[in-house]
A.B. asks: 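Once you've had a glance at the structure underneath, I'll fire off some questions.
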There are 2 protein chains.
Amino acid sequence: MTSETPRRRLAPEVRRRQVLDAAVAVFSEEGFHGASMEAVAARAGVSKPLVYAHGGSKEELFAACLHREADRLLRSVQSAAGEPGDEPLVRLRRALRAFFHALTSRRDGWTVLWRQASTGPFAGEVDALRRRIVDQAADLVAGGLGLPRGAVVPYAHTLVGAAEGLAQWWLTSDDALDRTDPADALADMLVGVVGPGLAALTDTIAPSTAVSDQR
Amino acid sequence: MTSETPRRRLAPEVRRRQVLDAAVAVFSEEGFHGASMEAVAARAGVSKPLVYAHGGSKEELFAACLHREADRLLRSVQSAAGEPGDEPLVRLRRALRAFFHALTSRRDGWTVLWRQASTGPFAGEVDALRRRIVDQAADLVAGGLGLPRGAVVPYAHTLVGAAEGLAQWWLTSDDALDRTDPADALADMLVGVVGPGLAALTDTIAPSTAVSDQR
DNA sequence: ACCCTAACTACCGATGCGTAAAGTAGCCCG
DNA sequence: CGGGCTACTTTACGCATCGGTAGTTAGGGT
């Protein structure tokens, strides 16, 4: 606490980034209600009014954190999935790998998104984000198996939930994976568990539904 | 609002139950911070001091809700799983069926448990509950496949996450299942997805681990 | 040296937990 | 049927926390 930073003037853009980073950190630790604007200010090494100047109200600030992290996550997963022409299970594995990689490299962003935001005034926004991810998964599965999109939606939810569960284990347990790339290992585990079941899905539900029924 | 309940005297035990029911309802709708003690009192048709008399402080009240719902859920899943001697996949399917049934029949209890409590001062307690459920799943999987318990823990997390994801879809989407028993259908779907993968697990990780290494 | 504006200190008002005090009425018992 | 024990209500308030802002200070480019 000897660092009596003597009040530096910074460009608005830089300050805004600082404040947002601090907000993500604090929100991820304390939650939306638990975090105080003063805590955010302290974490950013800055005074409270400055947080208001750059982040707006508390809700606006939280929403900004949410959107930034959500965009990051979605973009990386989406770009990793690659072109629709590729092998389905390969695409799925790549997407999962990107997902786990994003989580591990940005832990607190993940926490803000899925744990803290699920309650309160942002449940709707988080559900929307989750829906976008589930939609990606549904596209992947439907495209890979040649099944109607509507029929695979519950399975997409299952898949995303499974990824969340595995991620939770990975982020909270202190067990180590004996692989050089943890995200790789996690993606392999998940594909190993759900891969066969998904592949067998064609026989399970295809007979009862028209394949051409694209929603 | 014409129901001017004319002030009934009740046994403490009954009142306590009333207050707890109201608390679960309000907490599930508004979250821990969003709910006010006065709202709980109003929902129970009772005055605020009485809520304090029977429920203690807000945190104690919430914790009581948490524990009651958690115990209910765990007990029903545990008893449904049945004896270790039975067929592994059958046990798993029974447990999942009980899980989904508990969710559907006690929606707000579920909401309190998993959505509202995951943040704030109760994250630890919810993690403990989740761990107990994961432990049950791990026992089921390890026992069924004859694998060391330590090796299946991540897969148990995956399984529980998958169940959560499917449950979320079932509780939020308005799609209907064309089965007489939704819990049955959900359990079937989940077993269909993860069953083959779990069964194949023996070949995947058994060679690299001693089977007798029970933790 | 000047002035714009980033940044700070200090404060207000609202909200909500928790409780105290005083009165009212249900229900058991004689 | 009547009296009293006590569960319950009403009302009011203390107190802490925290979101948000008004007025002041000082950094640094020109």
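Below, read A as the first sequence line, B as the second, and so on, with proteins coming before strands; counting in each chain starts at 1. Keep in mind that the numbers below use all heavy atoms, side chains included, and drop hydrogens, waters and symmetry copies. Just so it is clear, the model here is predicted, and its values are computed rather than measured.
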A.B. asks: To the nearest Å, how far apart are A:Phe32 CZ and D:dC18 C1'?
C.D. replies: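 After rounding, the gap between these two atoms is 12 Å.
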A.B. asks: At less than 4.0 Å, is any side-chain N or O atom of A:Arg15 found next to OP1 or OP2 of C:dA7? Yes or no.
C.D. replies: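 For C:dA7, OP1/OP2 do have a side-chain N/O of A:Arg15 under 4.0 Å.
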A.B. asks: Give one of base, sugar-phosphate or nothing for A:His33, where a contact means two heavy atoms less than 4.0 Å apart.
C.D. replies: nothing
A.B. asks: Within this structure, what is the CZ-to-P distance between B:Arg9 and C:dT24, rounded to whole angstrom?
C.D. replies: 16 Å
A.B. asks: List the residues meeting ring pair (Phe, Tyr, Trp, His ring centres under 6.0 Å) with B:Phe99, not counting sequence neighbours, and say none if there are none.
C.D. replies: B:Trp110
A.B. asks: Between B:Gln18 and B:Arg15, does any side-chain donor sit less than 3.5 Å from a side-chain acceptor?
C.D. replies: yes
A.B. asks: Just do the side-chain contact (heavy atoms from CB on, under 4.5 Å) check on A:Asp184 and A:Arg93 with the steps written out, would you?
C.D. replies: CA-CA 9 Å; A:Asp184 231 39; A:Arg93 207 191 146 287; 3.1 Å; yes
A.B. asks: Quick test: give all pairs of protein nitrogen or oxygen and nucleotides 18-21 of chain C nitrogen or oxygen below 3.5 Å, distance rounded to 0.1 Å.
C.D. replies:
from: C:dG18; atom 1: OP2; to: B:Tyr52; atom 2: OH; distance (Å): 3.4
from: C:dG18; atom 1: OP2; to: B:Lys58; atom 2: N; distance (Å): 2.8
from: C:dG18; atom 1: N7; to: B:Lys48; atom 2: NZ; distance (Å): 3.0
from: C:dG18; atom 1: O6; to: B:Lys48; atom 2: NZ; distance (Å): 3.0

A.B. asks: Please tell me which of A:Ser47 and B:Leu10 maps to the more 5' nucleotide of DNA chain C, matching each residue to the nucleotide holding its nearest heavy atom.
C.D. replies: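 The residue closer to the strand's 5' end, by nearest nucleotide, is A:Ser47.
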A.B. asks: Please report, rounded to the nearest Å, how far the P atom of D:dA22 is from the CG atom of A:Leu50.
C.D. replies: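 After rounding, the reported distance stands at 16 Å.
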A.B. asks: Tell me whether A:Arg43 is salt-bridged to A:Glu29, with the criterion being a basic N under 4.0 Å from an acidic carboxylate O.
C.D. replies: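 Here A:Arg43 pairs with A:Glu29 in a salt bridge, since their nearest N and O are under 4.0 Å apart.
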A.B. asks: Looking at B:Glu69, B:Arg106, B:Arg72, B:Arg130, which one forms a side chain to side chain contact (heavy atoms under 4.5 Å, CB included) with B:Leu113?
C.D. replies: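 Among the candidates, only B:Glu69 passes.
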A.B. asks: So, using ring pair (Phe, Tyr, Trp, His ring centres under 6.0 Å) as the criterion, who are the partners of B:His67 when residues are at least two apart?
C.D. replies: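 Applying ring pair (Phe, Tyr, Trp, His ring centres under 6.0 Å) to B:His67 gives none.
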A.B. asks: Just to be sure I understand the rule, does A:Ala35 reach a base, reach only the sugar-phosphate, or reach nothing, if contact means heavy atoms closer than 4.0 Å?
C.D. replies: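 Since only primed, P, OP1 and OP2 atoms lie under 4.0 Å of A:Ala35, the category is sugar-phosphate.
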A.B. asks: Could you state the atom-to-atom distance from CG of A:Leu61 to C1' of D:dG19 in whole Å?
C.D. replies: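 For the pair A:Leu61 CG and D:dG19 C1', the rounded distance is 12 Å.
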A.B. asks: Starting at CD of B:Glu38 and ending at C1' of D:dT9, how long is that distance when rounded to a whole Å?
C.D. replies: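 Rounded to whole Å, this separation is 13 Å.
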